[in-house]
Structures are given as structure tokens and as C-alpha cells.
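The analysis underlying the following values was restricted to heavy atoms, covering all of them including side chains, and did not include hydrogens, waters or symmetry mates. Reminder, nothing fancy here: chain letters follow the sequence lines and each chain counts from 1.
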Amino acid sequence: MEIKNILSVKVSEGVTSCFNGEIAADDVQIQETRKDFEGDITVVVFPFTRYSRRSPEETGKILGDYLKKNVDAVEDFNVVKGFLNIVISSEYWLEVLADIEDTENYGYSEPGAASKTIMIEYSSPNTNKPLHLGHIRNNFLGWSVAEILKANGHRVIKTNLVNDRGIHICKSMVAWKEFSGGSTPESTGMKGDHFVGDYYVKFDKEYKRQVRELVEKENLGEEDAKNRAPIMQEAQEMLRAWEAGDKETVELWRRMNAWVLEGFDETYKVLGIDFDKVYFESQTYKKGKELILKGLEKGVLYRKESGSIWADLTGDGLDHKLLLRDDGTSVYMTQDIGTAYMRFEEFPMDEEIYVVGNEQNYHFQVLALICRKLGFEWADKIKHLSYGMVELPDGKMKSREGTVVDADNLVKEMVDTARTISRELGKLEGYTDEEAEEVYRKIALGALKYFILKVDPKKTILFNPKESIDFNGNTGPFIQYTYTRIRSVLRKANEEGTNTDKFDWDIKSAVSLKEREIIRSLARFPEVVKEAGANYSPALIANYVYDLAKEFNQFYHDFSILREEDAGLKTIRLGLTAVCGRVISQGMRMLGVEMPERM
RNA sequence: GGUCCCAUAGUUCAAUGGAUAGAACGAAAGUUUCCUAAACUUUAAAUCCGUGUUCGAUUCACGGUGGGACUACCA
């Protein structure tokens, strides 16, 4: 059992035996001792003063004596104000270290240990343009949260709902027919998603030109002109044809979607993202309608005179929400209700997490409410993992204004930067070009992933392309670098004849302050993983790993491990180095960051 | 108008209601007989405003101010 748990139980007992008070072990406040104070673990004693009827200092002393007598691991204690600082014995810390070393996949629970089945939907792109920086945040976040939940022992199903139908793809199709002259990604050598995206842009340009022309030449109002622009009418016509199953249209739709999806697959591969199951909206968008009609029968929903069906949410402080149009067709919300229903039918899930940007907070608020109204017992199992926008130094990204940062380009540029910096420093001499390129790729992706994941999901990220790939400070490359140094130390120790596979911890000598601090951090790792899983927050893991890496660097600077005369201390320090390396790489694994052996 | 989110050093990010609010970048000064100086050590620098809850508030509640998102018979 962990020391914190042992202490909280003992403190609870102590309060009863010393002060005749009742306090549940879970309510005992235990935290790590701040660095400026002596001790390892601190108990907050303020809450006990109402039982002890003494000053916080006295209360702390009495409790401290009790713990020293009754817990082996407690070596000493001191009381500052209302804080009881406990010193844990070196023997205990060494045991902890040995335990961590023995635990395969430290920080990870056994698969199935937590026994929840969780579906996580992320990415969910439209098939009319390539992925950009906003999608990158979504993809990294979804993938990492899935890994963290797995580490917590849950069964996780990663899904992607591809928005492959609708007016947006029709726009690209119209433009392609009009302007391409039959060219294809193969004939132009372009990546499929970029190829199709270009036609989406061409559509928009032509559309704007036509609207302007109508306004000027025919004196139409802006709204009228927008509706009457021939190219837009063509797109709408195409959507109708598609829904009617027109052979030629469906054929073109298939062809263009295939180009885009091929491009996406390539990008996903580069980003290190994958899915267990991919849904296509074209296959699911019609469901949901019958659920709405049933809701109408039950009287949970209502029908307007014109024929449309609505939910009245004014009782919940919200508005009225449309669910079926006058013509009986469904809207986005209806589709989402349908797909959620299908999924809960298909899998016995305990949770379904949607990784979707915060511009859809309202949508998910409404979704949960309506599902509850419709009487689905799974309504409360829906979770929206909402994340903030990614902004650039000069403002927001807008696809129409061309101020988006393209995902493929960004990765390429970051690899270039990594290569340039690395070459200047001459760090990879002796590596073949191929090996070196692999390292540059790991650095670039590590930088990008870490940069995005270290920020609390719900906060807006300010992305500065120039500063993003920093090799110092709280960055991915800094952590990777620390790891490679650790590997290098171990290599050297091996060369000198020390077996670093397994350490002998049977040493009596005291562990120094700095070492204790690191062991304490290491011991905390499983807790952090648990907390990150509960909050869907890779940021917790990221900041933990950074702290550990930094602590290790400081520790390492103070001691010359390999020159240490005392064989016992040398073993501890080398062992600590090895364990740190393992925990750092475990943490980064949950973020999807790969670790090079050298850099 | 309504719903939701955000506000911390010059900048980018931290802090289960706990001690003197942590880091990093940038700025100023230093450290290479030792693992890889992509490191380490110093210094200066911040909780938007007000009220409340209590032993104790960056954190919780209420009210402001500032910023953002949403509020389509679009997806």
C-alpha cells in the first residue's frame, strides 16, 4: 500500500485515540511537503483542532508522536504552523524504488482492471479540404486521452465519424467538374485531400465572383444574389441528385472522397494517429428520424403547423430546437441522436466521449438534454471533451481567408527546423542519413505534440510557428534530450562493467534530499495517470513528465555518478537514473511522443 | 437578449480550499579537467475589480469589467 494511504488511515486512527474525534481516512488532507520545508509528506492538522481543543502546533505534535510510534516508515517529524511534516525513512524510499523497477509498465494498470468500456470519437473531418492545425489539436487530444484511459485499465474504442456527405463536398464536386479538365491527384502528383481542397477554394472564389456580379449588374440584394448564384444552385442540385442516388453523381462522389481519404490516411500515419472503427456519415445520417417521431408520439416533442418538429428546452433555460424540417428531413442534431443510439445498441458502453471544439458546447448541451427527454438511460453517459481554438499571433485561423496552418506543411516545416538546428550542433555524427532523418522526425513530432498537449484542453492555445519548436524549457525536445542523456549514462555504465538491467537496492546508507525528491515524484506517477484519466487531461501528464525531467537534470548536475567512489551510492544513483528514464518514456508514450536513443 | 468558456510575471503555461503563487521563454550575471553546454546556477518580475463563505481563497458563491464561442429549416 502506498505511504499516503497508510498515513491517512493511521492519522484517522490517531485522531480517534488521541482526541476522541471522528475523521474518515479519505478526509485526511495529505500532500507532499513543499521543497523549502524539511520532510517528505505533510498532514494538514487544522481540521483536527476542533476535536483536540488545542493549538494547531500542539495538535500536530501529539499526532506526530502517535505516527512515529505506530508507523514503521515514519522516521521523524516537525510541525510548522498547522502543518505536520513527516520524514519518511530511507529504507522505505529504497523499497519504493525497487518496487517501481520491478513493475513492468509502471503507471499502467492491467487492461480491463477498471472494467469500463469507453468509446472516444475524435478527428471527424469533412472530406472537402485537408487537415489543419485545429484538427491536429483534436487528433492529438483524442488519441492521447484514449491512451491515458487505457493506461487506467479501461477498454477503449477509438472511432472516427467521417463527414463524407453534404453540401460541402458537393461544392468541391461542382468545381472539379467545371474547372479541372479531368485532372486527378495522380495526373498532377498532388496529395488527394489537397487536390480536392483546391477545388473547394475554387468554388468559393467563383461563388463570390458570381454574387458580386449579380449585385452589380442585376441590382439584387446580397441575400438574393447568394441564393441565385448559378454555381450554388448547381451544388444544391448535386446534393439532391446524390440523395436521390443518381448514378453519375454518386460515382463522382465516391471517386473524390476516395482521393481525400487516401490523403487523410497519409496524414494520420505521419501524426501517429489511428482508429479502431471508422463510421461514415453517408451510412448513418438517416437514422434518428424515427427516434424523433417516437418522441413526438410520447408527447416529449411538438410539431409546428408548418410540419417541422421541435424540442422545447425553455424549461432548462435554453431555447427551442429544431429536429425535423418541414419536409421531414433531418438536421445535424437528429443525426447525432441517431448515431449515439446506434452505438449504445451496438456496444454496452459506460461512456462515450466526443472530442469536439468548444464552438459546439451548445450543441452537446442540447444533445444530452434531448436524449434525456427521450428517455434514453444512456443520456448521462455522453461526455463532450471540449477544447479551445488554436490561434495564431495575428489572430484566428479562418479557412476562407487562407490563414490556416496546413497540417502536412506544418509537420514538414518542423522536421526541417529540427534538421537545421541539429546539424548546426553536429549532434548526430556517425548516424546514417536515414537514421538521422528518423530522429528529426521524432523531435519534430514530439515538439508539436507536447506543445499542444501540455495546455489544458479547454483553454485557447496561442500557436507561434516560429517559437513552437523550442529545444529548451517546457518542451518535448527538452524531455527527449533528457531521456537520451539517461540512455547515454546507462550505456557508459554498461561499458564500464556495471549491470544496469537489475539493481541491488540492499543498501543502508541514507538517501540524499534530492534523491528523495525524485523518488517521491516517481511514486506519484500512478496517481497522476489516474487523475489525468478522470479529467481527460493529457496536460497533467505532460507537466508531470516535465517536472521529473527537470528534477533529474538538476540532480544529475550535482553528482558525478560514474565517478562516485562509494559503490553503494553509485548503485542507487544509477538505478534512479534508469527508473527515471523508464517513467519519463512511459509518460511520453501516453502523449504519443516517441523517444530517440540519441539526439 | 440568452447559454457556456476564459482572465496569473513583458510573453507562453502551472498550482485536489493550504505554508513564502511554481516553471519556461525573453532580460541581467555566472559555470565546461564530469553524462551530450539542446545542460546547470544566480537576479528582477504576476493572481482583472468588488463583496461573501472560513482557521485559510488563484481556486468556491454572487456582482462587475475585459476577451472568446454558440444562439440556422448549415454540417
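Taking a centre distance below 5.5 Å and an interplanar angle below 30 degrees as the stacking criterion, Phe83(A) stacks against the six-membered base ring of A19(B). Ring stacking holds between Phe46(A) and G18(B), with the centres under 5.5 Å apart and the planes within 30 degrees of each other.
Comparing Lys454(A) and Gln29(A), the nucleotide of RNA chain B nearest to each residue sits closer to the 5' end for Lys454(A).
For Phe19(A) and Phe48(A), the distance between ring centers is not under 6.0 angstrom.
The distance from atom CG of Leu323(A) to atom C1' of A75(B) is 15 Å, rounded to the nearest whole Å. Rounded to whole Å, the distance from CD on Glu551(A) to P on A39(B) is 17 Å. Across the protein-nucleic acid pair, Asn85(A) atom CG and G18(B) atom P stand 15 Å apart, rounded to whole Å.
Nucleotide U65(B) is matched to A7(B) when pairs are restricted to Watson-Crick or G-U wobble geometry with both distances under 3.5 angstrom. For U16(B), there is no paired nucleotide, since no Watson-Crick or G-U wobble pair has both relevant distances below 3.5 Å. The base-pairing partner of C73(B), taking Watson-Crick or G-U wobble contacts with both distances under 3.5 Å, does not exist among the strands shown.
Geometrically, Lys129(A) engages Tyr200(A) in a cation-pi contact defined by less than 6.0 Å to the ring centre and at most 45° from the axis. The cationic group of Lys304(A) lies under 6.0 Å from the six-membered ring centre of Trp310(A) and within 45° of the ring axis, placing it in a cation-pi geometry.
Under a 4.0 Å N-O distance rule, the pair Lys208(A)/Asp204(A) qualifies as a salt bridge.
Base orientation of U33(B): anti (glycosidic angle beyond 90° from 0).
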